[in-house]
**Student:** 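My questions all concern the structure below.
Numbering starts at 1 and runs along the sequence shown.
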Amino acid sequence: MDMGLNNKTALVTGSAKGIGKAIAFELAKEGVHVLINGRNHEEVEQTVKDIKSQFPATSPQNATADIVDSKQRAALFEKYPTVDILVNNMGIYEMMQYEDVDDEVWEKYFRTNVLAANGLTKFYLPHMLKQGHGRIIFIASEEAVMPSGQMPQYCMTKSMLLSLSKSLSKLTKGTEVTVNTIMPGPTLSENVQRIIEGLYPDKNMTFSEKEKEFMVTNLPQSEIQRFIKPIEIGRLAAFLCSPYASAFKGSPIRMDGGMVPTIF
């Protein structure tokens, strides 16, 4: 299906690996010129080269920056003053007990997972509104609506993104600008794959067997009983960026593999 995105420009944060990289590749597949972002210049440059190799008709660009740093964000804005699509994917997470989450940790997560994305949105949204079309996506988590209790500092910030998305969507009334949130469930990023391989070092086990064992033991509520593939989230994001998804306004869109047991 042609998503009608040819020659659009998209900034995808944290796109040198994981979900962000998958989103960048799926957008490039649709003819989008993707700005690849991350803090490691070499990783970003390699991703740019990989995309250019697979999709030579597009012009991926290196957008290396620590977007938590306001000065580096400003430099990024100067280099890339407008985009048609903004995907706020970059974020941090780790398992922590509530009693170990001090004010410094709360502030770190707020600055990284919320304020960085808000800073980018605040800069790019006005131009989108002026031209009458654009797409902004926040990548949240099923933990935003179903906190596990294992990382309260992370869950708080992801819930905040749902609220921010809804508030910003109110500003887009009467335009073809949309602001939405994707809530992925447990996803097979490079880091997660390393963790699973480390938990089950038996070389006679295939990764699928390790994955199934982990799911049965740790995530029995998952209905798909496997990790979500980043490419699946990438395809959903590409659709939400397309003209066919203009009726999604301020929507929290779950792709959780059945993790969340409620109707909404």
**Student:** With a 4.5 Å limit on heavy-atom distance, are the side chains of Ile19 and Thr187 in contact?
**Tutor:**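 A side-chain contact under 4.5 Å exists here.
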**Student:** Taking Asp84 for its side chain and Lys8 for its backbone only, find out whether a donor-acceptor pair lies under 3.5 Å.
**Tutor:**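 Between the backbone of Lys8 and the side chain of Asp84 there is no qualifying donor-acceptor contact (under 3.5 Å).
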**Student:** Would a line drawn from the ring center of Phe77 to the ring center of Tyr124 be shorter than 6.0 Å?
**Tutor:**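 Judged by ring-centre distance (under 6.0 Å), Phe77 and Tyr124 do meet the cut-off.
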**Student:** With a 3.5 Å distance limit and no angle check, can you tell me whether Gln61 reaches the backbone of His33 through a side-chain donor-acceptor pair?
**Tutor:** no
**Student:** Consider only side-chain heavy atoms of I, L, V, M, F, W and Y, link residues closer than 4.5 Å, and tell whether Leu115 and Ile137 are in one cluster.
**Tutor:** no
**Student:** Side chains of Glu45 and His41: is there a donor and an acceptor less than 3.5 Å apart?
**Tutor:** no
**Student:** Is the shortest distance from a Lys or Arg side-chain nitrogen in Lys210 or Glu197 to a carboxylate oxygen in the other one below 4.0 Å?
**Tutor:** yes
**Student:** What's the shortest heavy-atom distance between Ser189 and Tyr93, and which atoms?
**Tutor:**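 Nearest pair, atom of Ser189 first, then Tyr93: OG-OH, 4.4 Å.
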**Student:** Are the side chain of Ser169 and the backbone N or O of Gly250 linked by a donor-acceptor pair below 3.5 Å?
**Tutor:**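 Pair found, side chain donor or acceptor close to backbone of Gly250.
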**Student:** Could you check, using the six-membered ring where one of them is a Trp, whether Tyr200 and Phe207 have ring centers closer than 6.0 angstrom?
**Tutor:** no
**Student:** Between Trp106 and Val101 (side chain of the first, backbone of the second, donor and acceptor by atom type, cut-off under 3.5 Å), is there such a pair?
**Tutor:**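 Checked: pair present.
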**Student:** Any donor and acceptor pair, going by atom type alone, linking the side chain of Glu176 with main-chain N or O of Gly134 inside 3.5 Å?
**Tutor:** no
**Student:** Charged N to carboxylate O under 4.0 angstrom, Lys29 versus Glu26?
**Tutor:** yes
**Student:** Is there a path of hydrophobic side-chain contacts, each under 4.5 Å between heavy atoms of I, L, V, M, F, W or Y residues, that connects Phe55 with Met3?
**Tutor:** yes
**Student:** Less than 4.0 angstrom from a charged side-chain N to a carboxylate O is my criterion; do Lys71 and Asp69 meet it?
**Tutor:** no
**Student:** Keeping Ser141 on the side-chain end and Ala144 on the backbone end, is there a donor-acceptor pair under 3.5 Å?
**Tutor:** no
**Student:** Do Leu162 and Lys158 make a side-chain contact, defined as non-hydrogen atoms from C-beta onward lying under 4.5 Å apart?
**Tutor:** no
**Student:** State plainly whether the residues Glu232 and Arg226 are in salt-bridge range, i.e. N to O under 4.0 Å.
**Tutor:**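 Salt bridge present between Glu232 and Arg226.
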**Student:** Given 3.5 Å as the limit, does a donor-acceptor pair link the side chain of Ser251 with the main chain of Phe248, or not?
**Tutor:**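 Checked: no pair found.
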**Student:** Which atom names give the shortest non-hydrogen contact between Asn89 and Thr13, and what distance separates them?
**Tutor:** N-OG1, 2.8 Å
**Student:** May I have the step-by-step check of side chain to side chain contact (heavy atoms under 4.5 Å, CB included) for Ile182 and Leu240, ending in yes or no?
**Tutor:** CA-CA 9 Å; Ile182 296 175; Leu240 287 175; 3.6 Å; yes
**Student:** So do Thr9 and Thr82 actually touch side chain to side chain, heavy atoms under 4.5 Å?
**Tutor:**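 Answer no - side chains too far apart.
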**Student:** With a sphere of 6.0 Å drawn around CZ of Arg39, does it hold more than 12 non-hydrogen atoms of other residues, nucleotides or ligands?
**Tutor:**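 Counting other residues, nucleotides and ligands, CZ of Arg39 stays at 12 neighbours or fewer.
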**Student:** Do the side chains of Val105 and Met96 get nearer than 4.5 Å, heavy atoms only?
**Tutor:**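 Yes, side chains in contact.
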**Student:** For Asn88 and Thr121, run side chain to side chain donor-acceptor pair (under 3.5 Å): C-alpha distance rounded to whole Å, both residues' side-chain angles, the deciding distance at 0.1 Å, then the answer.
**Tutor:** CA-CA 8 Å; Asn88 289 303; Thr121 304; 3.1 Å; yes
**Student:** Give a yes or no answer on whether the side chain of Asn37 reaches the backbone of Gly14 with a donor-acceptor pair at less than 3.5 Å.
**Tutor:**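 Answer holds: yes.
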**Student:** Please determine whether residues Phe123 and Ile67 belong to a single hydrophobic cluster, defined as Ile, Leu, Val, Met, Phe, Trp and Tyr linked transitively by side-chain heavy-atom distances below 4.5 Å.
**Tutor:**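 Yes, Phe123 and Ile67 fall within the same hydrophobic cluster.
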**Student:** Apply side chain to side chain contact (heavy atoms under 4.5 Å, CB included) to Asn6 and Glu30, showing your working.
**Tutor:** CA-CA 6 Å; Asn6 197 48; Glu30 297 298 327; over 6 Å; no
**Student:** Tell me, do Val216 and Gln225 make a side-chain contact under 4.5 Å, heavy atoms counted?
**Tutor:** yes
**Student:** Can you confirm whether Glu104 is buried at CD, in the sense that more than 12 heavy atoms of other residues, nucleotides or ligands lie under 6.0 Å from that atom?
**Tutor:** no
**Student:** Between Gln54 and Asp50, is there a side-chain donor-acceptor contact under 3.5 Å, judged purely by atom types and distance?
**Tutor:** no
**Student:** Please determine whether salt bridge (Lys or Arg N to Asp or Glu O under 4.0 Å) holds for the pair Glu43 and Lys17, giving the CA-CA distance in whole Å, both sets of side-chain angles, and the decisive distance to 0.1 Å.
**Tutor:** CA-CA 8 Å; Glu43 288 182 353; Lys17 60 180 67 174; 3.6 Å; yes
**Student:** Between Thr64 and Asn62, do the side chains contain a donor N or O and an acceptor N or O under 3.5 Å apart?
**Tutor:** yes
**Student:** Check whether Ile139 and Leu27 end up in the same hydrophobic cluster, where Ile, Leu, Val, Met, Phe, Trp and Tyr are linked by side-chain heavy atoms less than 4.5 Å apart.
**Tutor:**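 Result: yes, single cluster for both.
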**Student:** Using only atom types and a distance under 3.5 Å, with no angle test, would you say the side chain of Ser167 pairs donor to acceptor with the backbone of Ser163?
**Tutor:** yes
**Student:** Is there a side-chain contact between Leu219 and Pro186, using heavy atoms and a 4.5 Å cut-off?
**Tutor:** yes
**Student:** So, do Glu190 and Arg194 sit near enough that their side-chain heavy atoms are less than 4.5 Å apart?
**Tutor:** yes
**Student:** Could you tell me whether the side chain of Met215 reaches within less than 4.5 Å of the side chain of Pro220, counting heavy atoms only?
**Tutor:** no
**Student:** Would Thr172 and Lys249 count as having a side-chain donor-acceptor pair, cut-off 3.5 Å?
**Tutor:**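 On atom types as modelled, these side chains qualify, holding a pair under 3.5 Å.
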**Student:** Looking at every non-hydrogen atom in both residues, tell me the closest pair between Thr47 and Phe25 and how far apart they are.
**Tutor:**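 Shortest heavy-atom separation between Thr47 and Phe25 comes out as CG2-CE1, 4.2 Å.
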